[in-house]
Amino acid sequence: MWEEFLRSFLGIALELTVLFVCISFFINLIQVLIPYEKMEKLMEKSHPLTSVMVTLGFAFITPFCSCSTIPIVVNLLNKKVRFSIVMIFLFASPVLDPTIITLMTATLGLKVAVTYTVVTSLFSVLIGFTLERFGFERHVKNVVMTGYHQEQVTFSFKGALFETLQLMKTVYPFLIVGAAIGALIHGVIPTEWIAAYLGGEQWWLVPIAAILGIPLYIRLSSMIPISQIMILKGMALGPVMALMISSAGASLPELALLNSIFKKKLVIAFVGSVFMMATLSGLLFYLI
């Protein structure tokens, strides 16, 4: 058991570290080349519908897991992009991926893939504007909004490395703790057990699946074949989709990272929002 835990922990920690460092470095390196002013104008100053469509499109073309979206969220917040728009990206990016949608179409059918895309997009938008409406922007920690100066952004490896190290200094301890907890839970909750006890059409299986999915660090690309197996074993489509959305939309490593940039109330609101999106989406899948 401990050997499996160690292998899982090292795999998760290494993957998260490489992803986080590479993405942070890449973003900081090309930051000067990204037309943030134009993007901010489209996302902030345009008609709300235009801002939403731009954000969903940006989320769709950034095939990141839930953890690797954090560097982009930090940069968007530093650029003072509207809070609701940043939240829409935070919720939409991990669950929208053209490669995954293609795999979902091939394994679960076009109807399921289209419904999944529409439902997750709509809930991401709804949650983003709701969090802004209730004033959760004030629960962003000040550390996220500091350490960045427009005039210091230069196209250089040294500058990008410095910015990446500064960000890693703040959040890396949380990443390691989250990876350890995620590896432990991942090792003691086998897929076969979940499938065996979540079979059937009872509606209450959907929120249970959503709860179980949040602590499991499972990439959406891994969930596609797992979901297919679960359905073949008799698990209803609703709980499968709830498990898929919650495991992709949140994870313990991601929550550890968010804890370093969000205050507790916003972290709790994030978890509750992912649970709501997964549960309501799963219930909707009973209708198709």
Side-chain angles (χ1 to χ4, degrees), residues 52 55-56 59 64-70 72-74 76-77 82-96 115-141 144 171 174-175 177-178 181-182 185-186 189 194 198 202-220 223 238-286:
V52 168
T55 304
L56 290 176
F64 299 145
C65 69
S66 57
C67 293
S68 53
T69 61
I70 305 303
I72 294 181
V73 169
V74 171
L76 292 177
L77 289 171
R82 183 175 175 177
F83 178 73
S84 59
I85 298 301
V86 178
M87 292 298 100
I88 291 173
F89 174 81
L90 176 63
F91 285 96
S93 182
V95 297
L96 294 178
T115 304
Y116 170 88
T117 303
V118 172
V119 168
T120 52
S121 297
L122 289 177
F123 276 121
S124 296
V125 173
L126 177 62
I127 291 170
F129 282 108
T130 300
L131 290 177
E132 181 180 80
R133 176 64 180 83
F134 284 96
F136 277 94
E137 184 174 4
R138 66 179 181 272
H139 296 295
V140 176
K141 290 183 179 179
V144 179
V171 303
F174 294 94
L175 185 148
V177 172
I181 298 174
I185 295 179
H186 181 75
I189 307 180
I194 297 175
L198 294 180
Q202 298 90 337
W203 70 267
W204 49 266
L205 292 174
V206 173
I208 292 178
I211 292 173
L212 289 175
I214 290 178
L216 296 177
Y217 180 68
I218 305 177
R219 295 289 297 273
L220 192 54
M223 277 302 301
V240 169
M241 300 310 293
L243 180 64
M244 181 183 298
I245 293 171
S246 63
S247 63
S251 65
L252 287 179
E254 181 192 19
L255 295 181
L257 293 173
L258 288 177
N259 190 60
S260 68
I261 63 176
F262 291 162
K263 296 179 182 178
K264 182 181 295 185
K265 287 186 178 180
L266 184 50
V267 174
I268 294 174
F270 172 82
V271 175
S273 298
V274 171
F275 170 75
M276 182 195 72
M277 179 168 66
T279 300
L280 295 181
S281 298
L283 292 174
L284 287 176
F285 272 96
Y286 277 123

4.5 Å side-chain heavy-atom contact, [X] and [Y]:
| X | Y | result |
| --- | --- | --- |
| Val52 | Phe129 | yes |
| Ile85 | Ile88 | yes |
| Leu90 | Ile70 | yes |

Which heavy atom in [X] sits nearest to a heavy atom in [Y], and how many Å separate them?
| X | Y | value |
| --- | --- | --- |
| Leu131 | Ala269 | CD2-CB, 3.9 Å |
| Asn259 | Lys141 | O-NZ, 2.7 Å |
| Ser247 | Leu243 | OG-O, 2.8 Å |
| Lys265 | His139 | CD-CE1, 3.5 Å |
| Met277 | Ile127 | CB-CD1, 4.0 Å |
| Ala248 | Pro94 | O-CB, 3.3 Å |

Ring pair (Phe, Tyr, Trp, His ring centres under 6.0 Å) involving Phe275 - partner list, sequence neighbours excluded: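 Not a single residue meets the ring pair (Phe, Tyr, Trp, His ring centres under 6.0 Å) criterion with Phe275.
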Can you pull out every side-chain hydrogen bond (donor to acceptor under 3.5 Å, both in side chains) where at least one residue sits in residues 273-284? Sequence neighbours excluded, please.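 Output for this query is empty, none listed.
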Rounded distance (nearest 0.5 Å) linking atom [atom1] of [X] with atom [atom2] of [Y]:
| X | Y | atom1 | atom2 | result |
| --- | --- | --- | --- | --- |
| Ser84 | Glu137 | OG | CD | 8.5 Å |
| Leu56 | Leu96 | CG | CG | 7.0 Å |
| Tyr286 | Met241 | OH | CE | 12.5 Å |
| Leu212 | Ser246 | CG | OG | 8.0 Å |
| Phe136 | Phe262 | CZ | CZ | 11.5 Å |
| Leu266 | Met87 | CG | CE | 6.0 Å |

Using side-chain contact (heavy atoms from CB on, under 4.5 Å), reason through Ile214 and Val271 one step at a time and then give a plain yes or no. CA-CA 8 Å; Ile214 290 178; Val271 175; 4.1 Å; yes
Leu126: what forms a side-chain contact (heavy atoms from CB on, under 4.5 Å) with it, not counting sequence neighbours?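 Scan of Leu126 (side-chain contact (heavy atoms from CB on, under 4.5 Å), adjacent residues dropped) gives Phe123, Thr130.
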Between Phe270 and Phe91, ring centroids under 6.0 Å: yes
Tyr116 backbone acceptor or donor facing Thr120 side chain under 3.5 Å: yes
